[in-house]
Protein chains: 2
Amino acid sequence: MTTGSSNRRIGAEDSGTRARLIEAAEQVLLEEGYAAVTSRRVAARAGLKPQLVHYYFRTMDHLFLEVFRRRAEAGFAQFQRAIADEPSLRTIWSSLTHGTGSAFNLEFAALANHRKAIRAEMANYAERFRTMQLEAVASILSGREPLPDAITPDVVLMALAGVAQLIALERALGVSGGHDEALAFLERYLDNPAGT
Amino acid sequence: MTTGSSNRRIGAEDSGTRARLIEAAEQVLLEEGYAAVTSRRVAARAGLKPQLVHYYFRTMDHLFLEVFRRRAEAGFAQFQRAIADEPSLRTIWSSLTHGTGSAFNLEFAALANHRKAIRAEMANYAERFRTMQLEAVASILSGREPLPDAITPDVVLMALAGVAQLIALERALGVSGGHDEALAFLERYLDNPAGT
DNA sequence: GTCTATACTTCGATAGAC
DNA sequence: GTCTATCGAAGTATAGAC
């Protein structure tokens with residue numbers, strides 16, 4: 001499982017069937033969780049035979065990695081577009097709370113916790129994403145009233161990202177206590193971080 | 001699976017074997033993730049036969065619920081002790097970042113996302129825990145310099161909980177960007193939230 | 001009350017046919 | 001390059017022996 005030194009033949013990367021399997025895997029992941037992403041269920045969702053999963057992907061982990069990379073690259077590109085279009089804290093906040101990203105991250109975080117290859121890939125993207133976000137926050141804040149010295153762009157970003165993640169996770173559970181208050185605060189803060 | 005209206009006989013709740021299975025399940029959960037919590041592996045960890053899992057627990061979900069409740073009650077009690085001993089923001093922060101709690105929550109959050117019974121139980125405890133924490137924060141802040149109106153105890157708690165969760169998750173991945181800065185800020189903030 | 005023998009389903013993966 | 005036939009291991013759960 002770690003080495004994967006089998007010499008079984010693997011299908012072409014540009015195969016349409018392969019793309020269908022990745023798409024199906026992502027759907028199953030979001031709807032039923034990573035434990036439900038089995039060769040049989042993914043194939044059924046794609047309308048294909050289970051053995052095809054193992055023809056196009058050496059192991060299930062290889063499939064997970066492809067699903068993750070596809071989503072991560074898309075998120076990456078989307079963030080860059082959004083921040084170029086309107087560089088503001090509000091745009092950062094939107095990107096942190098947008099769509100199915102949270103559910104996706106939750107599944108992969110749980111998966112990464114116990115699978116080395118996936119953890120490495122996720123850490124890699126997380127670092128890159130954080131760096132990109134940090135540059136954006138620093139740039140946005142530099143054009144405004146200065147904040148107290150202790151409140152660096154890192155601190156602002158960690159707080160926004162942390163609260164966004166927490167709210168998303170609790171929403172999934174059906175818990176909402178404190179959310180309205182936090183969102184009301186952010187509603188003011190995002191446009192006026194210095195509080196003047 | 002949802003109803004569980006089987007009339008199969010189930011072992012006594014005070015059985016020692018049953019307790020061993022719960023303990024073993026928790027270990028497997030933390031070490032290998034929720035997908036690895038199967039009757040065979042739990043039993044192997046406990047040095048028992050796989051069929052015993054199904055004698056003491058109607059389904060695997062019942063086992064998960066027992067594992068969750070045990071940990072949740074323990075966390076509940078521990079928070080109450082700690083906050084009674086030293087009521088401070090620092091104690092709140094410690095309780096949010098303490099031990100294996102984050103890994104445990106991550107596993108159960110992912111599980112809860114797709115299993116109704118577990119989601120309900122987790123939501124229930126999350127609400128209770130949040131209420132308890134909120135009372136503590138409000139009580140602590142009321143004995144200090146007042147904060148700006150917009151920064152209610154809810155806002156403080158959501159920020160602390162969010163950042164604590166984010167740092168824990170990223171640490172598990174091996175990502176550390178921004179952590180030192182956020183922790184340095186908190187180091188000052190926890191003792192002096194009004195920033196005077 | 002406690003545990004075992006057993007049924008049946010689903011799993012990942014490979015070797016080999018087209 | 002693409003897909004299928006098939007294997008052995010692991011999964012949940014139940015009925016029945018002690």
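In what follows, every chain begins at residue 1, and chains take the letters A, B, ... in the order their sequences are listed.
Note: B:F108 and B:F104 meet the aromatic proximity criterion, with ring centroids under 6.0 Å apart. Aromatic ring centres of A:Y34 and B:Y34 lie closer together than 6.0 Å. The aromatic ring centres of A:F185 and A:Y189 sit less than 6.0 Å apart.
Rounded to an integer number of Å, the gap from A:L52 CG to C:dG12 C1' is 14 Å. The CZ atom of B:R18 sits 13 Å away from the P atom of C:dG1 (whole-angstrom rounding). Between the P atom of D:dT2 and the CG atom of A:L21 lies a distance of 12 Å, rounded to the nearest Å. Atom P of nucleotide D:dG11 and atom OH of B:Y34 are separated by 15 Å, given to the nearest angstrom. Atom OH of B:Y56 is separated from atom P of D:dA13 by 18 Å (rounded to the nearest Å). Atom CE of A:M60 and atom C1' of D:dA10 are 15 Å apart (whole Å).
Of all nucleotides listed (D:dT12, D:dC3, C:dT4), C:dT4 comes nearest to the side chain of B:K49. Distances were taken from every side-chain heavy atom of B:T17 (C-beta onward) to each of C:dC3, D:dT12, C:dA13; the shortest belongs to C:dC3. For A:R41, whose side chain is taken as the heavy atoms from C-beta onward, the closest listed nucleotide among C:dT2, C:dC11, C:dA13 is C:dC11.
Taking the charged nitrogens against the carboxylate oxygens, A:R130 and A:E127 have no contact shorter than 4.0 Å, which rules out a salt bridge.
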Can you name the atoms? Protein N/O to nucleotides 14-18 of chain C N/O, anything below 3.5 Å, with the distance.
residue : atom : partner : partner atom : Å
C:dT14  : OP2  : A:R8    : NH1          : 2.4
C:dA17  : N6   : A:R9    : NH2          : 3.0

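Closest approach of B:L21 to B:V42, counting heavy atoms only: O-CG1, 3.6 Å.
Comparing A:D14 and A:R40, the nucleotide of DNA chain D nearest to each residue sits closer to the 5' end for A:D14.
A donor atom on one side chain and an acceptor atom on the other are not found under 3.5 Å apart for A:S95 and A:H98.
B:S39 comes within contact range of at least one nucleobase, with a heavy-atom separation under 4.0 Å.
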